[in-house]
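Accompanying notes for the structure given below.
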Protein chains: 2
Amino acid sequence: MFRFGYDGVMSSVTSAADTAVRPLRKDAERNRALILDAAREVYAAQGLDAGFDEIARVAGVGVGTVYRRFPERADLVEALFEQEVDAVVARAEQAAADPDPWRGLREFLSWGVEAQAADRGLAQVLALAGHGHERVATGRERLRPAVAALVRHAQRAGVLRGDVTELDIGIAVAMISRVGGTDRSQLRERYVTLVLDGLAVRRDGPSPLAPVPASEDDLACIVAPARGR
Amino acid sequence: MFRFGYDGVMSSVTSAADTAVRPLRKDAERNRALILDAAREVYAAQGLDAGFDEIARVAGVGVGTVYRRFPERADLVEALFEQEVDAVVARAEQAAADPDPWRGLREFLSWGVEAQAADRGLAQVLALAGHGHERVATGRERLRPAVAALVRHAQRAGVLRGDVTELDIGIAVAMISRVGGTDRSQLRERYVTLVLDGLAVRRDGPSPLAPVPASEDDLACIVAPARGR
DNA sequence: GAAGAACCGGAAAGACCGTTCCACTTCGTA
DNA sequence: TACGAAGTGGAACGGTCTTTCCGGTTCTTC
């Protein structure tokens with residue numbers, strides 16, 4: 001398809017490679033930022049299936065503007081997601097750098113649980129299966145080694161059982177984050193402790209875990225209740 | 001309000017106590033059963049917010065019939081729920097009777113997790129907060145002592161840590177049941193093991209859990225994603 | 001500062017879902 | 001068998017949410 005009026009100057013180059021994106025007009029750029037801010041707020045509070053009209057209302061723009069700026073719903077979600085993944089990765093790296101690996105792991109778990117408990121949208125995106133969400137998949141691939149490093153450190157230090165993977169940590173975070181309302185962080189902390197007790201190496205050794213391979217998709221169903229039938 | 005034509009014969013007794021329910025007509029009774037069966041199936045697959053029209057379709061009746069038989073949505077849900085609670089209570093009692101208390105606990109946990117993973121509706125009803133759902137509350141009150149007995153037995157035998165309550169078990173079941181798709185029971189079993197490791201009494205002792213009091217409502221949010229805003 | 005492309009808001013159209021309503025059928029009774 | 005009450009199906013209604021569309025506005029460029 002050839003989108004008229006989008007390239008501005010008639011380009012004589014007609015190859016598919018001239019995907020030079022011209023900058024948005026000033027007001028459009030401002031609105032884009034307003035929409036992103038509003039979406040962050042609304043998604044955090046209501047989850048990903050909040051309506052565009054609500055976002056438009058909070059942003060103070062018309063619905064049409066939201067649709068023009070983000071023709072695909074996924075564009076908006078993924079734009080937000082990439083910023084959030086940065087924060088999670090940073091936190092994982094910080095945790096991995098802790099001189100006390102167990103404390104690092106514990107803090108990452110607690111923080112992740114609260115982050116997802118406070119932001120329904122984040123939890124849902126993180127759980128999105130790969131179906132056409134390349135940017136989400138990429139983000140998660142970026143997250144994975146950071147958590148893996150955290151796991152490896154704790155295991156090398158002999159405090160984390162060896163049969164635990166970085167996916168276990170991700171699943172544990174998502175699982176525990178569903179406990180209680182927004183204000184029940186103390187309760188969630190209880191289960192963080194409980195699960196960590198199960199994850200810890202003890203003198204009399206934990207029961208061996210069956211080596212069931214977990215796939216990325218297993219994360220999906222914890223939060224996203226399979227709305228598509 | 002006085003509902004005409006419902007009492008059939010004009011009763012001279014007008015006190016509120018004459019709640020004699022006349023039996024349904026034969027075809028109505030048959031449809032009622034069809035609807036209950038269909039609802040069980042649909043709710044299990046799609047969760048409680050499945051539409052009445054879907055239930056009607058599966059039952060092979062018109063939507064109107066469903067509405068007439070179950071004017072309140074809750075009537076249908078709770079009618080099903082009571083049957084299901086019976087099964088859970090039975091299972092808990094069976095587990096508590098196991099000569100090996102730890103095995104009993106483990107089997108109850110595994111079974112409960114799979115039951116809720118296979119039946120989205122069950123998980124959602126069990127998690128319903130008390131708001132006007134007296135029958136659900138009653139059912140859960142019936143469930144509670146059964147699980148408490150299970151917990152007590154394991155604690156008396158010295159295999160379950162003393163700071164664990166029956167609500168912890170309920171929350172653990174709900175939490176773990178959210179992991180993976182319907183077909184990932186092996187994965188869920190992994191987390192059952194993990195959580196049980198955290199729950200077990202070990203020679204070098206588990207970390208103390210903070211005594212955060214859990215309320216019934218804390219169960220609610222694990223499964224029911226706060227659809228009401 | 002004038003022309004015109006890009007952009008805006010919000011009304012209108014469309015899809016969807018829960019609920020009600022009523023012309024017709026089935027059942028129980030006499 | 002015949003009558004009336006009880007029950008039935010599904011069309012129609014009203015509400016909500018998503019998306020499109022267009023007359024008017026704002027920005028950029030020359």
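Each chain gets a letter, A, B and so on, in the order the sequences are listed, and its residues count up from 1.
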A:L76 CG to D:dT18 P, straight-line distance once rounded to whole Å: 13 Å
B:R68 side chain near D:dT8 phosphate (N/O to OP1/OP2, under 4.0 Å): yes
Nearest to side-chain heavy atoms of B:R69, which nucleotide of C:dG9, D:dT8, C:dT19: D:dT8
Interatomic distance where CZ belongs to B:R25 and P belongs to C:dT29 [whole Å]: 11 Å
N/O (side chain, B:R32) to phosphate O (OP1/OP2, D:dG7) under 4.0 Å: no
Nearest-neighbour nucleotide for the A:D27 side chain, D:dT8, D:dT26, C:dG28 considered: D:dT26
Sugar-phosphate, base or nothing in reach of A:R57, heavy atoms under 4.0 Å: nothing
Interatomic distance where OH belongs to A:Y67 and C1' belongs to D:dC21 [whole Å]: 13 Å
Non-hydrogen atoms of B:E166 and B:V151 that approach each other most closely: CA-CG2, 4.0 Å
Side chain proximity check, A:F108 to A:V147, heavy atoms < 4.5 angstrom: yes
Test salt bridge (Lys or Arg N to Asp or Glu O under 4.0 Å) applied to A:D86 and A:R142, step by step: CA-CA 9 Å; A:D86 286 341; A:R142 204 147 53 84; 2.9 Å; yes
OP1 or OP2 of C:dC8 under 4.0 Å from side-chain N/O of A:N31: yes
Nearest-Å distance for atom pair CG/P, residues A:D49 and D:dT19: 13 Å
Nearest-nucleotide pick for A:A28, side chain only, options being C:dC7, D:dT8, C:dT19: C:dC7
Gap between atoms CZ and C1', on A:R30 and D:dT26 respectively (whole Å): 10 Å
Interatomic distance, A:K26 NZ vs D:dC27 P [rounded to whole Å]: 6 Å
Integer-rounded Å distance: D:dT19 P and A:F70 CZ: 15 Å
Integer-rounded Å distance: D:dC17 P and A:I55 CD1: 13 Å
Cationic tip of B:R73 above B:F52 ring, under 6.0 Å, 45° of axis: yes
Shortest non-hydrogen contact between A:G180 and A:R188, atoms and distance: O-NH1, 3.6 Å
